[in-house]
Amino acid sequence: MVWSRRDFLKIAVASTGVGIIGGTQVDKLLGLGRKPEDKPVYVPTVCEMCFWRCGVIAKVVNGKVVKLDGHPEHPQSRGKLCARGHGGIGLLYDPDRLKHPLIRVGERGEGKFKKASWDEAFNYVAEKMLKIKETYGPEAMALFTHGTISTYFVHLLWAYGSPNLGMPSYALCRGARDIAFKLTFGSPVGNPERVDLKNSKVIVLIGFHIGENAHNSMCQEFTEALGNGATVIVVDPRFSTVASKAKYWLPIKPATDLALLLAWINVIINEGLYDKEYVAKYTVGFEKLAEAVKEYTPQWAEKETEIPAGLIIETARIMGKNKPSVVIHPGRHTAWYEDNTQRIRAIAILTALLGAYGRPGGIYLPPKNPLTGYDLSDFCGVPYPEHQKPEINKGPYPFTEEEGVIPEIIKATLTENPYPIKGWLITGTNLIKSTPNQRDTIEAIKKLDLVVTVDMMPFDHVLYADVVLPECTYLERYDDIFEVKERSIGLALRQPVVNPMYDTKPGWWIAKELGIRLGLKDYFPYQDFEDYLKAKCQVLGISFEELKQKGYIEIPDTANPYLDGTSEVKFKTPSGKIELYSKQLEEAGFPPIPQYTKHEEPPQGYFRLLYGRVPVHTFSRTTNNPSLWELMKENAAWVNAKVAKKLGLKNGDYVVLVNQDGVKSNRVKIKVTERIRPDCVYVPHGFGSFSPMLKRAYLNGADDQQLITRYAVDPVSGSVGMRVNFVKIEKA
Ligand code: SF4
């Protein structure tokens with residue numbers, strides 16, 4: 001089936017009921033053959049076109065999904081979906097989907113496979129995994145995982161006996177942010193972030209791209225804030241979509257954001273703009289902070305950031321005047337440089353000075369959670385085995401988390417130090433497109449005894465697998481109940497809307513069946529996932545049938561958004577207070593208050609490589625989606641107009657980008673624009689797939705990750721800074 005942009009829009013409009021075309025035309029586009037008497041069925045479920053996990057109502061006719069809409073009760077969708085959410089139908093009916101288990105017949109990387117039965121595939125994997133365990137110990141298996149499937153495969157990895165887990169969402173994305181907030185406030189900022197956007201008077205976005213980063217409820221609340229007259233301050237070398245909504249755009253020199261933050265702290269303290277009562281009541285270390293930031297004057301910061309001192313002062317005053325209703329967004333993809341944790345610590349400290357943590361329009365508090373929790377490990381009641389060897393995935397970084405630092409696992413696979421890693425399980429993540437230094441990843445793969453991938457689509461990394469296990473899409477399966485932690489707590493159920501197509505299976509089933517063949521049956525004591533979900537509902541005190549029918553149930557009396565100024569509050573930090581000065585960092589040998597560090601500048605003729613999102617795609621996962629591909633087929637590299645003129649390039653010309661290590665990108669169009677500083681080039685992430693099994697995405701645009709051969713690891717959290725690469729532009 002070939003869908004055009006026109007068709008996609010027609011489906012969207014027709015099925016909202018205000019259509020310009022009738023139902024029969026929708027049927028034709030989807031190949032339905034619907035009769036007039038056929039009644040649609042509406043099934044609530046949960047989107048997984050990105051990790052935001054919005055509630056969805058699926059409209060199903062004759063066993064086919066014809067429309068997806070936002071669940072009106074679910075706090076992350078509020079009756080709406082983003083473009084990618086609507087594109088879920090494209091994923092379900094993508095003819096390039098993985099359809100059967102596959103076993104490799106060619107060399108790794110060639111993408112040559114034979115069709116296999118599930119039994120054959122499981123036996124192959126189990127035999128190799130048991131051999132690895134026997135020869136090298138269970139720690140020699142590593143898991144790379146993202147998305148809901150992680151629940152089942154982390155359980156499997158830990159039951160098997162390995163700690164070596166790598167989730168790109170930690171070290172390659174939000175890790176530094178979570179550690180910085182934990183160090184300062186005792187808890188991470190949450191997922192979704194607990195930013196009270198709709199009540200904000202001032203929203204400060206530092207390299208954070210609302211609108212390009214299209215997380216549903218976040219976009220809705222931001223729009224609400226704009227409607228309420230909020231002042232938006234955007235700090236970005238690029239005039240992003242959200243910069244076009246801002247009162248202030250500060251086109252900062254890349255890699256100097258910490259200088260600006262420290263100067264803002266300097267102004268807020270010097271001019272007495274901080275919340276004195278709040279600071280006295282809830283924080284520790286103010287005096288030391290005030291002393292430490294004396295040197296970071298706006299005049300000093302102007303030299304570093306190229307933002308005029310007057311503008312630094314003016315924007316600081318706006319924050320001070322509107323406190324505490326100020327959101328300085330802590331970001332999500334914070335893996336930029338080697339001082340990521342300290343940069344986000346500065347955001348946290350500024351937030352605390354403004355009294356904005358736990359206050360209306362700032363960052364709201366975690367909801368009260370009366371649920372006891374009941375996950376897979378509780379359900380099976382068998383403890384995980386003790387690890388006999390150290391965790392390679394945590395590296396030497398003292399504050400890192402169990403989600404791990406992926407490059408550490410890759411390094412250990414290459415060097416066999418401190419011990420060999422011999423098998424990789426890759427589930428729900430396009431490892432090659434999410435990890436820096438693709439050459440190392442591919443070299444490491446060559447050394448392995450076993451590479452298994454579980455996914456829905458034949459992404460780039462699938463070409464390197466020995467065994468491919470096809471997972472069904474989120475519209476065809478149950479998943480574990482989601483605890484939705486927004487301002488209150490709710491429970492959401494993902495349930496099958498249609499039966500799995502082809503010979504595909506849910507992630508929970510794949511993990512269980514593999515577990516049984518690995519002798520881990522006791523860890524999977526359920527026949528069907530419904531058994532587990534029903535038991536879990538009983539523990540949670542809700543009706544499974546009601547959850548199925550409603551899709552989302554809010555737990556009453558769990559809202560706890562703001563600090564109660566009268567009562568004593570104990571933060572989960574060692575001091576029980578918000579730690580402006582962090583003893584934990586000091587004791588681990590790091591600056592207890594953020595200090596500015598300079599980063600390497602691009603060499604002559606090179607530009608700093610920046611990357612980001614487009615609103616119609618999620619990483620590389622949707623670039624082959626028939627409906628979303630129609631909306632954006634390839635990316636374009638943003639190049640400043642003066643630079644383009646100097647290089648003799650015009651808008652739409654194709655170029656190749658060549659990085660400091662001589663790695664060349666696919667050919668990519670350039671977007672000649674005034675909307676970017678002349679010292680950087682910006683490339684939307686996720687394009688340029690080199691998997692020929694993805695017929696639409698194949699070699700469309702440039703793969704930014706291919707150019708990220710260098711990275712700088714933050715010694716505090718293990719966050720992997722990737723904005724340390726430089727590119728030059730050559731004619732294609
Ligand atoms: S933000 Fe969009 S893609 Fe992500 S879960 Fe929500 S609707 Fe789906």
Side-chain angles (χ1 to χ4, degrees), residues 42-48 51-58 70-79 147-152 154-155 158-159 186-188 190-192 194 217 358 364-384 474-475 477-497 506-509 511-512 522-562 564 567 569-570 572:
Y42 296 89
V43 188
T45 190
V46 175
C47 182
E48 191 158 84
F51 49 77
W52 205 252
R53 294 178 183 155
C54 299
V56 165
I57 306 285
H71 192 309
E73 309 292 326
H74 194 293
Q76 277 151 254
S77 43
R78 307 171 191 191
T148 311
I149 196 168
S150 306
T151 312
Y152 321 115
V154 173
H155 179 60
W158 288 349
S187 15
N191 186 15
R194 292 181 276 105
S217 47
Y364 57 84
L365 299 175
K368 294 179 221 150
N369 191 351
L371 309 173
T372 52
Y374 200 52
D375 61 21
L376 286 171
S377 55
D378 299 316
F379 187 77
C380 72
V382 190
Y384 295 127
Y474 71 94
L475 291 165
R477 65 179 198 239
Y478 275 117
D479 270 316
D480 205 347
I481 296 169
F482 299 113
E483 262 183 37
V484 181
K485 292 180 187 151
E486 232 242 8
R487 288 174 175 83
S488 322
I489 292 264
L491 296 169
L493 181 68
R494 175 175 293 147
Q495 61 182 319
V497 169
W508 65 262
W509 183 88
K512 173 182 147 243
D522 290 351
Y523 290 92
F524 299 92
Y526 46 85
Q527 274 306 312
D528 203 279
F529 213 55
E530 278 197 40
D531 304 342
Y532 165 73
L533 294 173
K534 279 178 191 158
K536 184 162 178 165
C537 280
Q538 251 182 8
V539 174
L540 298 174
I542 55 164
S543 145
F544 179 58
E545 287 311 315
E546 189 186 345
L547 188 59
K548 265 176 74 114
Q549 193 214 330
K550 293 186 174 164
Y552 176 78
I553 295 177
E554 187 171 311
I555 309 292
D557 305 322
T558 51
N560 176 41
Y562 308 123
D564 174 353
S567 57
V569 181
K570 202 163 161 30
K572 290 184 192 147

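Since we're looking at a predicted model, the values are computed, not measured.
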Minimum side-chain heavy-atom gap L533-L547 below 4.5 Å: no
Quick one: does any side-chain atom of T558 pair with a main-chain N or O of P367 as donor and acceptor, under 3.5 Å? no
Is the side chain of Q495 donor-acceptor paired with the backbone N or O of P44 at a distance under 3.5 Å, no angle test? yes
Distance alone, cut at 3.5 Å: any donor-acceptor contact between the side chains of D480 and Y152? no
For the residue pair K534 / Y526, report whether a side-chain donor-acceptor contact shorter than 3.5 Å exists. no
Give me the one residue out of T148, L475, I481, V56 that meets side-chain contact (heavy atoms from CB on, under 4.5 Å) with R494. T148
Distance in Å, K536 NZ paired with D375 CG, rounded so as to fall on 0.5 Å steps: 6.5 Å
If every non-hydrogen atom of Y42 is compared with every non-hydrogen atom of I57, which pair is closest and at what distance? CB-CG2, 3.9 Å
E530, CD: over 12 other non-hydrogen atoms inside 6.0 angstrom: yes
Does K512 reach the main-chain N or O of Q527 with its side chain, forming a donor-acceptor pair under 3.5 Å? yes
Is there side-chain contact between P506 and Y478, with heavy atoms separated by less than 4.5 Å? no
Classify the angle between the aromatic ring planes of H155 and F524 as parallel (below 30°), tilted (30 to 60°) or perpendicular (above 60°). perpendicular
